[in-house]
Amino acid sequence: MTVEDFEQDRDGGAPVEVLEQYFAAHGWTYERTGDEEIVANFQGSWTQYELRAVWREDDGVLQFLALPDIRVPADKRPALYETLGLVNEQIWIGHFEMWASSGMLLFRHAALLDAGADPMLSIDQAETLVEAAIDECERFYPVFQFVLWADKTPQDAIAAALIETQGEA
């Protein structure tokens with residue numbers, strides 16, 4: 001299946017199956033870990049991302065996670081928690097968080113789908129889930145790196161990483 005084939009089939013379908021089609025259409029490696037979960041890998045401009053979706057049929061929720069391969073050392077966690085607060089203020093869909101047990105940084109959001117007899121994920125919803133996660137990870141990856149490896153304050157890291165350019169070179 002190509003991206004064009006995927007986009008022409010606008011009806012959608014079962015949540016994990018639609019995401020499987022999306023990943024296949026983009027040529028990404030993926031693995032179904034059951035009827036309710038899929039994991040894919042995507043090479044971004046900064047790092048390799050693990051994309052994970054978990055369908056919770058009882059709740060009618062599709063949880064989507066993007067893991068940018070960032071682990072936060074214990075001594076950097078206070079600064080990163082402050083950074084997460086400032087970063088999350090700028091995001092409309094989803095949020096970043098850090099798992100306390102492992103120090104793993106991730107982006108997470110969810111889609112509430114009709115929990116009726118045949119819940120469907122539309123092609124547009126699948127694109128929004130995946131693209132929003134990747135876009136936000138790509139946008140804020142430098143911020144996290146500035147805090148973790150350049151010892152910048154969260155405010156300085158955001159100011160340095162999110163410079164908006166004007167015009168064209």
Side-chain angles (χ1 to χ4, degrees), residues 1-3 6 15-56 61-111 121 123 125-165:
M1 172 178 273
T2 67
V3 173
F6 175 75
V16 174
E17 290 173 13
V18 171
L19 287 170
E20 181 176 18
Q21 292 169 3
Y22 181 92
F23 297 149
H26 286 81
W28 300 345
T29 58
Y30 65 89
E31 178 183 355
R32 293 272 303 254
T33 57
D35 290 339
E36 299 178 347
E37 187 169 356
I38 189 168
V39 178
N41 291 297
F42 168 76
Q43 180 60 50
S45 48
W46 301 106
T47 190
Q48 176 88 20
Y49 297 100
E50 178 181 296
L51 307 173
R52 181 176 296 266
V54 179
W55 169 238
R56 292 180 52 123
V61 173
L62 180 65
Q63 185 86 248
F64 194 83
L65 305 122
L67 301 117
D69 195 24
I70 296 175
R71 294 204 190 271
V72 181
D75 63 322
K76 300 284 185 169
R77 291 183 185 184
L80 196 77
Y81 279 124
E82 182 180 351
T83 306
L84 290 173
L86 295 171
V87 163
N88 284 335
E89 289 176 354
Q90 300 180 44
I91 298 174
W92 284 88
I93 297 175
H95 65 278
F96 283 97
E97 61 186 64
M98 181 180 56
W99 286 343
S101 62
S102 65
M104 184 181 298
L105 184 73
L106 64 125
F107 181 83
R108 176 166 60 168
H109 62 111
L121 180 70
I123 302 304
Q125 287 172 311
E127 289 173 340
T128 299
L129 278 171
V130 175
E131 291 173 13
I134 291 171
D135 289 349
E136 297 299 358
C137 285
E138 289 282 288
R139 179 177 166 208
F140 289 105
Y141 186 88
V143 173
F144 300 126
Q145 293 303 312
F146 281 148
V147 170
L148 294 173
W149 306 115
D151 291 323
K152 289 192 177 288
T153 67
Q155 295 81 2
D156 289 344
I158 289 171
L162 300 181
I163 296 172
E164 302 230 0
T165 59

Requested in this report: Kindly indicate, with the supporting measurements, whether the criterion side chain to side chain contact (heavy atoms under 4.5 Å, CB included) is fulfilled by L51 and I134.
Outcome: CA-CA 9 Å; L51 307 173; I134 291 171; 4.1 Å; yes
For [X], look at atom [atom1] and say whether over 12 heavy atoms of other residues, nucleotides or ligands are found less than 6.0 Å away.
X	atom1	result
W46	CH2	no
D69	CG	no
N41	CG	yes

Query - Beyond-backbone contact of P73 with L148, side-chain heavy atoms, under 4.5 angstrom - result: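 When only atoms from C-beta onward are counted, L148 and P73 do touch, with a gap below 4.5 Å.
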**Report entry** Side chain proximity check, L80 to M98, heavy atoms < 4.5 angstrom
**Finding:**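 L80 reaches M98 side chain to side chain.
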Under the side-chain contact (heavy atoms from CB on, under 4.5 Å) test, residues paired with [X] that sit two or more places apart:
X	result
S45	E138
A79	V147
V16	R32, I38, W55

Query raised in the report: Which residues pass the ring pair (Phe, Tyr, Trp, His ring centres under 6.0 Å) test with Y49, sequence neighbours left out?
Result: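 With neighbours one apart ignored, the set is empty.
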**Report entry** Under the ring pair (Phe, Tyr, Trp, His ring centres under 6.0 Å) test, residues paired with Y30 that sit two or more places apart
**Finding:**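 Counting only residues at least two positions away or on another chain, Y30 forms no ring pair (Phe, Tyr, Trp, His ring centres under 6.0 Å).
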Query raised in the report: Does the side chain to side chain contact (heavy atoms under 4.5 Å, CB included) test come out yes or no for L62 and V54, once each step is laid out?
Result: CA-CA 6 Å; L62 180 65; V54 179; 6.0 Å; no
Looking at every non-hydrogen atom in both residues, tell me the closest pair between [X] and [Y] and how far apart they are.
X	Y	value
H26	Y22	ND1-O, 2.9 Å
A66	P68	O-CD, 3.4 Å
F107	C137	CB-SG, 3.7 Å

Measuring from [X]:[atom1] to [Y]:[atom2], what's the distance to the nearest 0.5 Å?
X	Y	atom1	atom2	answer
F64	L121	CZ	CG	10.5 Å
L65	L67	CG	CG	6.0 Å
T29	E50	OG1	CD	10.0 Å
L84	F96	CG	CZ	8.5 Å
T128	I123	OG1	CD1	11.0 Å
I93	L129	CD1	CG	8.5 Å

For [X], check side-chain hydrogen bond (donor to acceptor under 3.5 Å, both in side chains) against everything at least two apart and list the hits.
X	answer
K76	D151
R77	none
T47	none
Q155	E82

Query raised in the report: Is there any side chain to side chain donor-acceptor pair (under 3.5 Å) pair reaching into residues 94-105, and which pairs are they, with sequence neighbours excluded?
Result: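 Qualifying pairs: H95-E97, E97-W99, E97-R108.
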**Report entry** Intermediate values then yes/no, side chain to side chain contact (heavy atoms under 4.5 Å, CB included), F146 and T83
**Finding:** CA-CA 10 Å; F146 281 148; T83 306; over 6 Å; no
Report task. Decide yes or no on ring-ring contact (aromatic ring centres under 6.0 Å, His included) for F42 and F23, but give the supporting numbers first. Result -> CA-CA 9 Å; F42 168 76; F23 297 149; 9.7 Å; no
Query raised in the report: Looking at V87, L105, I158, D135, which one forms a side-chain contact (heavy atoms from CB on, under 4.5 Å) with F140?
Result: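 Only one option passes, and that is V87.
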Query raised in the report: Under the side chain to side chain contact (heavy atoms under 4.5 Å, CB included) criterion, do H109 and Q63 qualify, and how do the steps go?
Result: CA-CA 6 Å; H109 62 111; Q63 185 86 248; over 6 Å; no
Query raised in the report: Looking at residues at least two apart in the chain, or sitting in another chain, which of them share a salt bridge (Lys or Arg N to Asp or Glu O under 4.0 Å) with R71?
Result: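 R71 satisfies salt bridge (Lys or Arg N to Asp or Glu O under 4.0 Å) with no other residue.
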Query raised in the report: Who pairs with E37 by salt bridge (Lys or Arg N to Asp or Glu O under 4.0 Å), at least two apart in sequence or on another chain?
Result: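 Salt bridge (Lys or Arg N to Asp or Glu O under 4.0 Å) check on E37 returns R52.
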Query raised in the report: Backbone N or O of K152 within a donor-acceptor pair of the D156 side chain at under 3.5 Å?
Result: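 Not confirmed, D156 side chain does not pair with K152 backbone.
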